[in-house]
Student: 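Let me give you the structure first, and then I'll get to my questions.
Residue numbers start from 1 in every chain, and the chains themselves are labelled A, B, ... in the order their sequence lines are given, proteins ahead of strands.
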Amino acid sequence: MFPIKFIRDNLALLRQASELKNEKVDWERFEQLDQQRRGYLKAVEEKRHVQKQLGEKVAAARNSGQSGDSFLQEARVLSAEIDSLEEKLAWLEAELTSLASRIPNLPHSSVPRGKDASANQVVRTWGEIKEKNFTVLPHWEIGEKLGLLDLTRGAKVAGSSFPCFLGQGATLVRGLINFMIELHTNAGFKEVWVPALVNRESMFGTGQLPKLEEDMYRLKDDDLFLIPTAEVPVTNLHREEVIPEEMLPLYYVAYTPCFRREAGAYGKETRGLVRVHQFDKVEMVKFVSPESSYQELESLVAEAEKVLQALELPYRVVLLCTGELSFAASKCYDLEVWAPGLQRWLEVSSCSNFEAFQARRAGLRYRSRKGKVDYLHTLNGSGIALPRTLIALLEYHQQADGSIYLPRALRPYLGGREYLS
RNA sequence: GGAGAGAUGGCUGAGUGGACGAAAGCGCCCGCCUCGAAAGCGGGUGUGCCCGCAAGGGCACCGGGGGUUCGAAUCCCUCUCUCUCCGCCA
């Protein structure tokens, strides 16, 4: 969210940016409301000024033993006028704020322009894709065959796209979570455990609301939302706070379940674990000073990459184009892992710099060494999401005999074994 | 769930209807002193919005919202949160 004045002074820039991001904003209405608001504001302020002076006259009169009532008639009329002007002003401000909250963040100058994924840039690829001399089974087949995964019973218990993991499959999930958190805490991230339900303010703070309300699970009786990502509770940890610059950067890592409605997303493209309503994810969040945020983005991506490297899975790093950037992001890299059973690259991590966009919405500030208070920059990156990582493990590390090779890094979490069978 | 107490600036904390954007202290910034620092001394120190080229001026903000009043940090209602006690509970 940008300040109204900034929007007014940078209409052309923001308009172009929102078109690049495929976001619709009613700019004519914005200009019209803004102009009206300033007109009413001026009128209200002038009348209030007179009102104050009258009030002072009443007080002065009473202090010197007179009644002061002669001013009251005029003051009453003025008070009523102010009331009606303020009502209109409040409505205009609410409308304007609502419009402003739907203006997307500006893409960074280094972000390629483009409408869709075809304009994304692959910035690097890691590992080589080794072709197998047998047909790789898709993860849902090999997963069910080995008794690691049960999609049918998940559907019975909750509904379609709510997977269950069994036996060593469940151990693998738990092991992956521990492995990732330990990796990131060793790199200086502080582990946090946060609520999986958040309030409306938190959802607004990170930019999920107002735009994405339909994509969230919501508890109507309490007006709480199930988190779509740990980004929401972790970024909001410091909402409405001023952090001393000496404490920056702050690095956090959190495991949480994530919930997404993914309305109407069933089909071939989303079979098995590709797109599910509930999944597990380890997320990294950074609070940094504005000068350092782009450097911090690069090191955040590198930190996420360490997970895939340790899991011995080939992946590529993709720089998203403007049209693929999310509402709140200025710049974003995706990590995509190779799934040979599906013959597709799968997104397992998004690492974004939001600059001060979330910070302004959530009141996240820092006090510089000079004593100046300003908005800090926030970043987050998956480190990484589990279901698609499991797909890659089950498919890429699949052996001719139907067993699954376990990378060295995971073995301590699965009783030291080298293969799942 | 019930009863009570509370929420004031970066922090602690005064203020119970009019000259209060808000005492005092701490912190922070600038200066003096010093070889340098500490201590001491002096000065300064919130944010947002509107008008203005600027200088400057105006308005708002004492947890959120609403009300009473010519006028609210102060009185009333309501919500949220914190603390204490009771109840319930994995």
Student: For Phe2(A) and G48(B), give me the distance from atom CZ to atom P, rounded to whole Å.
Tutor: 17 Å
Student: Tell me which donor-acceptor pairs under 3.5 Å the side chains of residues 170-184 of chain A have, and how far apart each pair is, sequence neighbours excluded?
Tutor:
| residue | atom | partner | partner atom | Å |
| --- | --- | --- | --- | --- |
| Thr171(A) | OG1 | Gly167(A) | O | 3.1 |
| Glu182(A) | OE1 | Tyr413(A) | OH | 2.4 |
| His184(A) | ND1 | Glu303(A) | OE2 | 2.7 |
| His184(A) | NE2 | Gly383(A) | O | 2.7 |

Student: Name all stems that contain residues of RNA chain B, defined as runs of 3 or more consecutive Watson-Crick or G-U wobble pairs, both distances under 3.5 Å.
Tutor: B:1-7 with B:80-86, B:10-12 with B:24-26, B:27-32 with B:40-45, B:46-51 with B:56-61, B:63-67 with B:75-79
Student: Using atom types as modelled, flag every donor-acceptor pair under 3.5 Å from a side chain in residues 75-83 of chain A to any protein atom, sequence neighbours excluded.
Tutor:
| residue | atom | partner | partner atom | Å |
| --- | --- | --- | --- | --- |
| Glu81(A) | OE1 | Lys47(A) | NZ | 3.1 |

Student: Please report, rounded to the nearest Å, how far the C1' atom of G48(B) is from the CE atom of Met1(A).
Tutor: 13 Å
Student: Please measure how far the P atom in G21(B) lies from the corresponding atom in G57(B), and state the result in whole Å.
Tutor: 16 Å
Student: Are Thr229(A) and Val232(A) packed together at the side-chain level, in the sense that at least one heavy-atom pair is separated by less than 4.5 angstrom?
Tutor: yes
Student: How far, in whole Å, is G13(B) from C86(B) if one measures between their C1' atoms?
Tutor: 32 Å
Student: If a pair satisfies ring pair (Phe, Tyr, Trp, His ring centres under 6.0 Å) and one of its residues is in residues 9-31 of chain A, list it, with sequence neighbours excluded.
Tutor: none
Student: Quick one: is the NZ or CZ of Lys286(A) closer than 6.0 Å to the six-membered ring centre of Tyr251(A), and within 45° of its axis?
Tutor: yes
Student: Taking the C1' atom in each of U8(B) and A23(B), what is the distance between them to the nearest angstrom?
Tutor: 12 Å
Student: Output yes when a side-chain donor or acceptor of Thr322(A) lies under 3.5 Å from a complementary backbone atom of Leu20(A), and no otherwise.
Tutor: yes
Student: Could you state the atom-to-atom distance from CG of Asp34(A) to P of C49(B) in whole Å?
Tutor: 12 Å
Student: Could you give the distance separating C81(B) and G46(B) at their C1' atoms, to the nearest angstrom?
Tutor: 23 Å
Student: Rounding to an integer number of angstrom, what distance separates G17(B) and G67(B) when you compare their P atoms?
Tutor: 23 Å
Student: More 5' along RNA chain B: Ala59(A) or Arg37(A), using each one's nearest nucleotide?
Tutor: Ala59(A)
Student: Between A73(B) and A60(B), how far apart are the two P atoms, rounded to whole Å?
Tutor: 9 Å
Student: List, with names and distances, any nitrogen or oxygen atoms from the protein found under 3.5 Å away from nitrogen or oxygen atoms belonging to nucleotides 7-12 of chain B.
Tutor:
| residue | atom | partner | partner atom | Å |
| --- | --- | --- | --- | --- |
| G10(B) | O4' | Arg367(A) | NH2 | 2.9 |

Student: Can you tell me which residue pairs pass the ring pair (Phe, Tyr, Trp, His ring centres under 6.0 Å) test with a partner in residues 71-113 of chain A, sequence neighbours excluded?
Tutor: His108(A)-Tyr294(A)
Student: Among pairs that include at least one residue of residues 409-421 of chain A, which meet salt bridge (charged side-chain N to carboxylate O under 4.0 Å, His left out), considering only residues two or more places apart or in two chains?
Tutor: none
Student: Pick the C1' atom in A22(B) and in U45(B), then give their distance to the nearest Å.
Tutor: 15 Å
Student: Test of understanding: with side chain to side chain contact (heavy atoms under 4.5 Å, CB included), list the residues that count as partners of Ala339(A), not counting sequence neighbours.
Tutor: Leu342(A), Leu346(A), Ile391(A), Glu395(A)
Student: In terms of the nearest nucleotide of RNA chain B, which residue is placed more toward the 5' end: Glu56(A) or Arg8(A)?
Tutor: Glu56(A)
Student: Going by the rule side-chain hydrogen bond (donor to acceptor under 3.5 Å, both in side chains), which residues pair with Glu95(A) if we only count those two or more places apart in sequence or in a different chain?
Tutor: Arg29(A)
Student: Could you walk me through whether Tyr40(A) and Glu86(A) pass the side-chain contact (heavy atoms from CB on, under 4.5 Å) check?
Tutor: CA-CA 8 Å; Tyr40(A) 275 92; Glu86(A) 275 192 324; over 6 Å; no
Student: In whole Å, what separates the C1' atom of C85(B) from that of C79(B)?
Tutor: 23 Å
Student: For residues 204-213 of chain A, which side-chain N or O atoms pair as donor and acceptor with protein atoms under 3.5 Å away, sequence neighbours left out?
Tutor:
| residue | atom | partner | partner atom | Å |
| --- | --- | --- | --- | --- |
| Thr206(A) | OG1 | Ser202(A) | O | 3.2 |
| Thr206(A) | OG1 | Gln208(A) | OE1 | 2.6 |
| Lys211(A) | NZ | Glu23(A) | OE2 | 3.1 |
| Glu213(A) | OE2 | Arg200(A) | NH2 | 3.2 |

Student: For residues 196-204 of chain A, which residues have at least one heavy atom under 4.0 Å from RNA chain B?
Tutor: none
Student: When you check every protein heavy atom under 4.0 Å of nucleotides 57-79 of chain B, what one-letter string (B, S, -) results, 5' to 3'?
Tutor: -BBS---------BS--------
Student: Over how many whole Å does the gap from Glu246(A) atom CD to G27(B) atom C1' extend?
Tutor: 12 Å
